[in-house]
Amino acid sequence: MGKRNGARKGARRSGNPARRQAERLYSGNVMGERMYAAHSTADRSAMQPGDVIPVSVPELPDGIVIRGATRADAAPLVPVIRLADPDNPDGSWRALGSVIDQSLDPEKPTYARVVEETSSGALVGGMLALPATWAFTHPMLIGSPNVHIITALVACLDSLAVVDQWRGKGVARALVAEAEKAAGSHQAGKLGAAVLYVTHEPELTDFYAGLGFTLSPDGIGIPTPAGLICHGPIKSFRFSVKPLRTGIQMEPMATPYGRQLVVRGVLPVPAR
């Protein structure tokens with residue numbers, strides 16, 4: 001799945017959905033792992049349940065901009081996105097052209113952003129946010145109309161990377177905020193995602209906790225009218241989740257797959 005060493009430190013990584021699905025039966029449980037829940041700075045006093053939580057994108061350093069990816073970015077973005085998953089031959093970089101095409105379609109909940117160096121035009125960072133495609137192969141959802149609803153309401157921060165010389169300058173934080181803003185916004189007259197999750201190495205736990213994500217060592221569970229559906233665990237990885245709308249509740253619970261973070265409010269279900 002890739003090295004976890006100093007050479008990769010700073011590449012904000014979530015992995016590849018297909019590879020994660022193949023490894024879903026491995027446990028990533030670590031006894032005594034503490035749960036993180038950073039406080040949000042957003043003023044929600046006048047907000048109603050279901051409202052999109054405002055996102056403020058941090059100011060970028062001089063010399064770079066974040067913009068939407070174009071088809072012309074596909075080739076130069078490949079080596080950047082590969083930094084997020086360098087040893088995975090099936091990483092998201094392989095389908096980058098298709099992902100960018102989908103991101104250009106306002107009907108699809110797929111978002112691709114690049115960080116461009118203004119002086120040279122070089123791409124020095126990138127981010128891919130995708131729908132929860134694992135739902136299409138979940139045994140409890142095959143053939144269910146809920147599968148399309150869940151893929152739209154649960155967003156995945158699939159890949160995020162910044163090249164060496166621009167790390168430690170707040171670029172990765174700005175890219176995460178861009179993912180939240182894009183995935184949670186109303187697009188083409190439709191409601192955006194309710195939550196954003198990321199699969200990451202344990203050493204990135206504090207990074208995501210500092211951005212308001214809550215940690216789950218063993219994956220996520222989503223209550224649906226058909227029952228609780230679970231995604232994860234994945235060996236050596238953690239899941240961190242952040243609500244994008246008010247009214248979302250998250251509770252760590254024991255499930256058959258480990259101690260997962262159960263996310264309520266994504267779909268309407270009967271009261272407990």
Tell me, please, which residues at least two apart from Arg173 pass salt bridge (charged side-chain N to carboxylate O under 4.0 Å, His left out).
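Listed in chain order: nothing, the list is empty.
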Test salt bridge (charged side-chain N to carboxylate O under 4.0 Å, His left out) applied to Asp51 - qualifying residues, sequence neighbours left out
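Listed in chain order: nothing, the list is empty.
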With heavy-atom distances below 4.5 Å as the criterion, would you say the side chains of [X] and [Y] are in contact?
X	Y	value
Ile66	Val114	no
Glu117	Ser120	yes
Ile64	Glu116	no
Leu196	Phe213	yes
Trp134	Ile229	yes
Leu96	Leu77	yes
Thr224	Ile150	yes
Val147	His138	no

Rounded distance [0.5 Å steps], [atom1] in [X] versus [atom2] in [Y]:
X	Y	atom1	atom2	result
Thr151	His148	OG1	NE2	7.0 Å
Leu130	Gln102	CG	CD	7.5 Å
Thr246	Gln249	OG1	CD	11.0 Å
Glu251	Leu261	CD	CG	9.0 Å
Ile149	Leu141	CD1	CG	10.5 Å
Glu203	Thr205	CD	OG1	8.0 Å

Please name all residues satisfying side chain to side chain contact (heavy atoms under 4.5 Å, CB included) with [X], sequence neighbours left out, ordered by chain then number.
X	value
Leu228	Pro223, Cys230, Thr255, Val262
Ser56	none
Ile248	Ala194, Val195, Pro243, Met250, Val263, Val266

Closest heavy-atom pair and its distance - [X], [Y]:
X	Y	answer
Leu175	Ala161	CD1-O, 4.2 Å
Pro131	Thr110	CD-OG1, 3.6 Å
Ala74	Ile100	CA-CD1, 3.8 Å
Ser216	Gly219	OG-O, 2.5 Å
Ala182	Ser185	O-OG, 3.0 Å
Ala112	Leu128	CB-CD2, 3.8 Å

Main-chain N/O of [Y] paired to [X] side chain as donor or acceptor, under 3.5 Å:
X	Y	answer
Arg245	Gly192	yes
Asp218	Gln260	no
Ser98	Ala95	no
Lys169	Pro61	no
Ser159	Ala84	no
Ser103	Tyr111	no

I'd like to know if Arg238 and Glu201 make a salt bridge, using a cut-off of under 4.0 Å between side-chain N and carboxylate O.
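Looking at Arg238 and Glu201, the cut-off is not met.
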Is atom CD of Gln165 surrounded by more than 12 heavy atoms (other residues, nucleotides or ligands) closer than 6.0 Å?
yes
I'd like to know if Val55 and Val171 are part of one continuous hydrophobic network [Ile/Leu/Val/Met/Phe/Trp/Tyr, side-chain heavy atoms within less than 4.5 Å].
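Different hydrophobic clusters.
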Using the rule that Ile, Leu, Val, Met, Phe, Trp and Tyr join whenever any side-chain heavy atoms are under 4.5 Å apart, tell me whether Leu244 and Val57 fall into a single cluster.
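Per the 4.5 Å side-chain linkage, Leu244 and Val57 are not co-clustered.
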With ring pair (Phe, Tyr, Trp, His ring centres under 6.0 Å) as the test, pick out the partner of His200 among Phe207, Tyr208, Phe237.
Tyr208
Which residues pass the side chain to side chain donor-acceptor pair (under 3.5 Å) test with Ser144, not counting sequence neighbours?
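So Ser144 forms no side chain to side chain donor-acceptor pair (under 3.5 Å) with any residue.
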Would you please say whether a donor-acceptor pair under 3.5 Å links the side chains of Asp73 and Thr70?
yes
Is there a side-chain contact (heavy atoms from CB on, under 4.5 Å) between Arg71 and Leu104 once you walk through the steps?
CA-CA 9 Å; Arg71 291 184 177 91; Leu104 296 173; 3.7 Å; yes
Among Val163, Asp164, Val162, which one satisfies side-chain contact (heavy atoms from CB on, under 4.5 Å) with Leu83?
Val163
Between Ile142 and Thr137, is the side-chain contact (heavy atoms from CB on, under 4.5 Å) condition met? List the steps.
CA-CA 6 Å; Ile142 293 176; Thr137 56; 5.6 Å; no
Report the C-alpha distance between Val115 and Val65 in whole Å, list the side-chain angles of each, state the deciding distance to 0.1 Å, and finish with yes or no for side-chain contact (heavy atoms from CB on, under 4.5 Å).
CA-CA 6 Å; Val115 184; Val65 295; over 6 Å; no
Output, in order, the C-alpha distance, side-chain angles, deciding distance and verdict of side-chain contact (heavy atoms from CB on, under 4.5 Å) for Tyr197 and Leu157.
CA-CA 6 Å; Tyr197 80 90; Leu157 179 52; over 6 Å; no
Once the angle between the rings of Phe239 and His231 is folded into 0 to 90°, is it parallel (under 30°), tilted (30 to 60°) or perpendicular (over 60°)?
perpendicular
